[in-house]
Amino acid sequence: MKFVDEATIYVIAGNGGDGCVSFHREKYILKGGPDGGNGGQGGNVYIIADGNMNTLIDFRLKRSLSADHGESGQKRNRTGKTGKDILVKVPIGTRITDLNTNEIIGEILHPTQQILVAKGGSNGWGNMHFKSSRNRTPRFRSLGKKGEQRFLKLEMMLLADVGMVGCPNAGKSTFLSVVSTAKPKIANYPFTTLVPSIGVVKIDKNCRFVIADIPGLIKGASQGIGLGVNFLKHLERCRILLHLIDIAPIDGSDPLKNALTVINELQNYSRKFSQLPCFLVFNKIDLCNTSQEAQEIAKKISLRLKISKYYLVSAKNNIGILPLCRDLLLFIKNLN
């Protein structure tokens with residue numbers, strides 16, 4: 001299924017039903033009192049969580065969603081039928097924004113959560129409602145109110161404990177496939193990852209965390225160059241960043257410059273990322289001539305980035321992966 005993480009929809013709540021003007025009439029009752037019923041309430045529009053959805057592609061074809069109108073009141077003091085609500089299903093992790101006001105209406109974060117996004121119109125009153133000691137035969141009613149109408153922007157953001165970032169071809173997809181059961185596309189060319197991937201890392205039966213991988217970041221990504229800027233929002237809910245650095249780039253580029261590029265692009269996109277804890281991970285140490293060479297490169301870069309703790313791993317050969325995952329899990333537990 002195609003991955004779509006943004007959609008615009010138009011929601012229309014139901015109008016309230018009109019009140020009724022009527023007077024009681026029977027064979028031997030020629031001039032009975034008022035018996036016009038009230039109208040029904042208009043249907044509401046709710047957005048609800050659906051744990052089985054992982055994309056917003058359904059809204060590419062169906063962008064207008066309407067609830068039912070309330071029915072008008074009837075004689076013999078019968079109230080009109082209430083309009084049926086409409087439930088709009090979205091993936092967990094969806095943010096809802098009003099496009100006209102840029103107000104964030106809410107976020108769907110729990111499996112049973114639902115948010116009212118458009119309220120149905122109130123019902124009109126029948127002439128029975130206006131009967132009083134001063135006016136025993138009211139010949140008027142009130143009309144139902146219109147339901148709310150809104151243009152909404154839906155943004156799906158992954159819910160993950162750890163967000164993985166790095167330059168293209170740093171080995172993020174290989175790392176994700178090793179630590180979890182996720183099966184991302186893996187190849188030896190840049191931008192293999194075209195859409196975000198998510199995996200569950202299980203240390204043992206009761207210890208696990210969720211990790212998300214986005215396409216690689218290049219210089220200018222925060223201004224729209226490359227693919228990463230389209231998916232950086234998926235890291236906004238992460239609690240830790242995992243910065244994966246190719247310690248021996250096949251193109252001969254400088255690992256330090258690559259690392260600085262990623263950090264600058266993250267900070268240019270949002271200052272929030274500079275406040276998140278970051279684990280520095282040097283990947284592909286098997287391509288270094290010696291382990292001492294790998295240590296020297298990692299130490300130099302970590303000092304420049306002012307991050308004292310770092311890890312040396314080889315995702316391809318599963319070297320240093322388990323200690324890193326255990327430390328990530330322990331760090332996440334301490335955040336709770």
Side-chain angles (χ1 to χ4, degrees), residues 3-9 47 49-51 53-57 59 90-99 101-111 113 115 117 152-168 170 172-173 175-176 180 182 184 193-201 208-218 220-244 259 261-281 307 328 331-332 334-336:
F3 183 85
V4 177
D5 61 354
E6 286 190 6
T8 301
I9 60 174
I47 289 184
D50 186 344
M53 292 180 67
N54 57 11
T55 177
L56 296 173
I57 194 171
F59 301 106
V90 299
I92 297 174
T94 300
R95 174 185 292 169
I96 309 153
T97 305
D98 188 318
L99 280 179
T101 62
N102 288 325
E103 171 195 3
I104 297 177
I105 298 173
E107 297 181 340
I108 299 293
L109 301 176
H110 311 292
Q113 187 178 359
I115 296 176
V117 294
L152 301 178
K153 181 180 181 181
L154 305 179
E155 296 178 280
M156 191 192 78
M157 292 182 283
L158 301 179
L159 294 175
D161 301 299
V162 180
M164 189 160 46
V165 296
C167 287
K172 301 189 301 300
S173 296
F175 182 89
L176 184 64
S180 71
T193 301
L194 298 177
V195 297
S197 301
I198 194 167
V200 179
V201 181
R208 64 184 67 186
F209 61 88
V210 180
I211 186 169
D213 171 31
I214 67 168
L217 300 176
I218 61 175
S222 57
Q223 279 75 45
I225 300 175
L227 296 173
V229 68
N230 297 325
F231 304 110
L232 280 172
K233 63 187 173 188
H234 292 289
L235 303 179
E236 290 184 18
R237 294 196 179 111
C238 295
R239 308 168 73 183
I240 306 172
L241 289 181
L242 192 67
H243 188 170
L244 213 66
T261 295
V262 172
I263 292 174
N264 290 336
E265 295 306 322
L266 286 173
Q267 293 179 352
N268 289 338
Y269 179 81
S270 173
R271 292 183 179 179
K272 179 181 177 181
F273 290 130
S274 62
Q275 301 170 359
L276 289 177
C278 182
F279 276 46
L280 208 58
V281 180
I307 300 176
L328 281 170
F331 192 88
I332 292 170
N334 291 333
L335 289 177
N336 295 333

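Just so it is clear, the model here is predicted, and its values are computed rather than measured.
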State plainly whether the residues Arg95 and Glu6 are in salt-bridge range, i.e. N to O under 4.0 Å. no
Could you go through Val200 and Phe209, starting from their C-alpha distance and side-chain angles, then the distance that decides it, and tell me whether this counts as side chain to side chain contact (heavy atoms under 4.5 Å, CB included)? CA-CA 6 Å; Val200 179; Phe209 61 88; over 6 Å; no
Quick one: side chain to side chain donor-acceptor pair (under 3.5 Å) partners of Asp98, sequence neighbours excluded? Arg150
Heavy-atom closest pair (Arg239 atom, Ile332 atom, distance to 0.1 Å) is NH1-CG2, 3.8 Å
Could you pull out all residues at least two apart from Ser270 that satisfy side chain to side chain contact (heavy atoms under 4.5 Å, CB included)? Lys272, Phe273
Is the backbone of Val210 close enough, under 3.5 Å, to the side chain of Asp161 for a donor and an acceptor to pair up by distance? yes
Can you sort out the partners of Phe279 under ring pair (Phe, Tyr, Trp, His ring centres under 6.0 Å), two or more places apart, ordered by chain and number? Tyr311, Phe331
Any donor and acceptor pair, going by atom type alone, linking the side chain of Ser180 with main-chain N or O of Leu176 inside 3.5 Å? yes
Do Leu242 and Leu328 have side chains that get closer than 4.5 Å, going by heavy atoms? yes
Output for pair (Leu241 CG, Gln275 CD), nearest 0.5 Å, gives 11.5 Å
Taking the side chain as every heavy atom from C-beta outward, state whether Leu235 and Met157 have any pair of such atoms under 4.5 Å apart. no
Using a 4.5 Å cut-off on heavy atoms from C-beta on, say whether the side chain of Leu244 contacts that of Leu280. no
Distance-minimising heavy-atom pair for Cys238 and Val162: SG-C, 3.9 Å
Closest heavy-atom pair, Ala49 versus Pro111, reported as atoms and distance to 0.1 Å, is CB-O, 3.5 Å
Residues two or more places apart in sequence or in another chain: which of them pass side chain to side chain contact (heavy atoms under 4.5 Å, CB included) with Leu109? Glu107, Gln113, Leu159, Arg237
Approximate separation, where rounding is to 0.5 Å, of Glu265 CD and Cys167 SG: 9.5 Å
Just to verify, what does Ile96 make a side chain to side chain contact (heavy atoms under 4.5 Å, CB included) with, not counting sequence neighbours? Ile47, Ile105, Ile108, Ile115, Val117, Leu152, Leu154
Rounded to the nearest 0.5 Å, what's the gap from CG on Leu276 to CG on Leu266? Could you check? 9.5 Å
Gap between atom CE of Met164 and atom NE2 of His243 - 0.5 Å precision: 11.5 Å
Validation row: Phe59, Leu56 side chains within 4.5 angstrom (heavy atoms): yes
Would you give the length of the straight line joining atom NZ of Lys172 to atom CD1 of Ile214, rounded to the nearest 0.5 angstrom? 7.5 Å
Which value, rounded to the nearest 0.5 Å, describes the distance between Phe175 atom CZ and Ile211 atom CD1? 5.0 Å
